[in-house]
Protein chains: 2
Amino acid sequence: MSFVRSRSYHHGDLRAELLQRAEATLRDSGVDGLSLRQLARDLGVSHAAPSRHFRDKQALLDALALVGFDRLAGLYGEVEATGSFSERLHAVARSYLDFAIDNPALLALMFARKHSPTSGEEMLAAVGRAFTVPIALIAEGQARGEVVTGDPMRIGIAAIAALQGLATFVGSGFVEAENVEAALTETITQLTYGLRPRD
Amino acid sequence: MSFVRSRSYHHGDLRAELLQRAEATLRDSGVDGLSLRQLARDLGVSHAAPSRHFRDKQALLDALALVGFDRLAGLYGEVEATGSFSERLHAVARSYLDFAIDNPALLALMFARKHSPTSGEEMLAAVGRAFTVPIALIAEGQARGEVVTGDPMRIGIAAIAALQGLATFVGSGFVEAENVEAALTETITQLTYGLRPRD
DNA sequence: ACCTGAACACCGTTCAAGT
DNA sequence: ACCTGAACACCGTTCAAGT
């Protein structure tokens, strides 16, 4: 006696529903709370059904990571293409931190595994897309004479790493919620001066 | 027919052996390859024996994380207390990256969980110890007039975050092995200029 | 093509019982 | 105090069989 909605033999789009539900579970219970069998139960489908869409559990986790990178890439889309370099740097940094705070388990998952150029090609491409906007911002800052010259990829990745590290510290609780603003400001300040053209 | 060394009823120091073996397994096979039952088998002990020393699997993982933080704190000990600020900054940064490259799964474990001031008191204390040397370095740089004024804790954490983020990128393969040196140099450069007293 | 149901090997955790 | 052995509930994965 339960109010499970009846399901036809053909599921609407089991793959998409699995991903969606998995992301919700990830947010609520972390990676450890994620089980293929429970996921199947939640969707009213047999425990073997997910294997039609994901070879194994790792494949589901990888797909989730891809979703994460694409969502991260999308967040930057909201960063207005106008404004000073400093304003846009602030906006990008805040977007990254907001994403990290809203999706701590997902962010951890995104960088949890070693991706090689061969086996993790898709993943590396997704990382590339997620970092396109910040790196373009570096190039733009250089064009405006506000950022030191050099390979924008190399400079950009090091700068994003500062945000990623801060995200990790916040996610682990080492930087407490009440100190996040001050920490973010400090990181942005260090980046601002660290990226300036040298005299 | 196996060459398992005979074991007396009383184990020498099962807790220490479990930790040691777990760290080795972590290095070889990652967190996913870590099983309490397999660990017990490796040590020739019943699968229920570990529970006398670690309440549950998470307790073992937490203990491993503590080991990690203490090892990290120890690495800095090898950073000579002499030399210019710049030399010591380089040494600390390299120590952090070396640790990350040698212990990728352990480093991930160290920041995998949310530690609150109440439940994760021990862990937060361990993080504090691991970051004592880098933060003292910031204070020393300030005393020498080579680092911008301000709370050394706030400044130091943001600076360490840049290293932690780089470590994450290296560990995930997004920064490939051949680019680690260039990336580390770039991060150190950005830190050097980002930490300088402002004009 | 897509899903089910049973089967298999493996977990983590608990607990009475042994020494 | 420390460990064992059995038991329990839960996994992930595979595969013949169903529609």
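Just so it is clear, the values below take in all heavy atoms, side chains as well, and ignore hydrogens, waters and symmetry mates. So that the names make sense, note that chain A is the first sequence line, chain B the second, and so on, each numbered from 1.
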Side-chain N,O ([X]) to OP1/OP2 ([N]) below 4.0 Å:
{"X": "S35(A)", "N": "dC10(D)", "value": "no"}
{"X": "R15(B)", "N": "dC3(D)", "value": "no"}
{"X": "H53(A)", "N": "dC3(C)", "value": "yes"}

Could you tell me the separation between the [atom1] atom of [X] and the [atom2] atom of [N], rounded to a whole number of Å?
{"X": "L39(A)", "N": "dG12(D)", "atom1": "CG", "atom2": "P", "result": "9 Å"}
{"X": "D32(A)", "N": "dC11(C)", "atom1": "CG", "atom2": "C1'", "result": "13 Å"}
{"X": "R55(A)", "N": "dG12(D)", "atom1": "CZ", "atom2": "C1'", "result": "14 Å"}
{"X": "L61(B)", "N": "dT13(C)", "atom1": "CG", "atom2": "C1'", "result": "15 Å"}
{"X": "L14(B)", "N": "dA1(D)", "atom1": "CG", "atom2": "C1'", "result": "13 Å"}
{"X": "F54(B)", "N": "dG12(C)", "atom1": "CZ", "atom2": "P", "result": "14 Å"}
{"X": "L34(A)", "N": "dC11(D)", "atom1": "CG", "atom2": "P", "result": "11 Å"}
{"X": "D13(A)", "N": "dC3(C)", "atom1": "CG", "atom2": "P", "result": "10 Å"}

(message) Taking atom types as they are modelled, would you say the side chain of R37(A) forms a donor-acceptor pair with the base of dT13(D) within the 3.5 Å cutoff?
(response) yes
(request) Between R52(A) and H47(A), name the one whose nearest nucleotide on DNA chain D is closer to the 5' end. (result) H47(A)
With a 4.5 Å heavy-atom cut-off, do [X] and [Y] have their side chains touching?
{"X": "E122(B)", "Y": "L66(B)", "value": "yes"}
{"X": "V148(B)", "Y": "T189(A)", "value": "no"}
{"X": "R196(B)", "Y": "Y193(A)", "value": "no"}
{"X": "I155(A)", "Y": "Q190(B)", "value": "yes"}
{"X": "E176(B)", "Y": "H115(A)", "value": "no"}

Closest to side chain of [X], choosing from [options]:
{"X": "A48(B)", "options": "dT4(D), dT4(C), dG12(C)", "answer": "dT4(D)"}
{"X": "D56(B)", "options": "dT13(D), dC11(D), dT13(C)", "answer": "dT13(C)"}
{"X": "K57(B)", "options": "dC3(C), dG12(C), dC3(D)", "answer": "dG12(C)"}

(request) Can you sort out the partners of A91(B) under side chain to side chain contact (heavy atoms under 4.5 Å, CB included), two or more places apart, ordered by chain and number? (result) V79(B)
(request) Please determine if R55(A) and D62(A) form a salt bridge, counting it only when a charged side-chain N lies under 4.0 Å from a carboxylate O. (result) no
(request) Please work out the stems of DNA chain C from pairs that are Watson-Crick or G-U wobble with both distances under 3.5 Å, keeping only runs of three or more consecutive pairs. (result) C:4-8 with D:12-16, C:12-16 with D:4-8
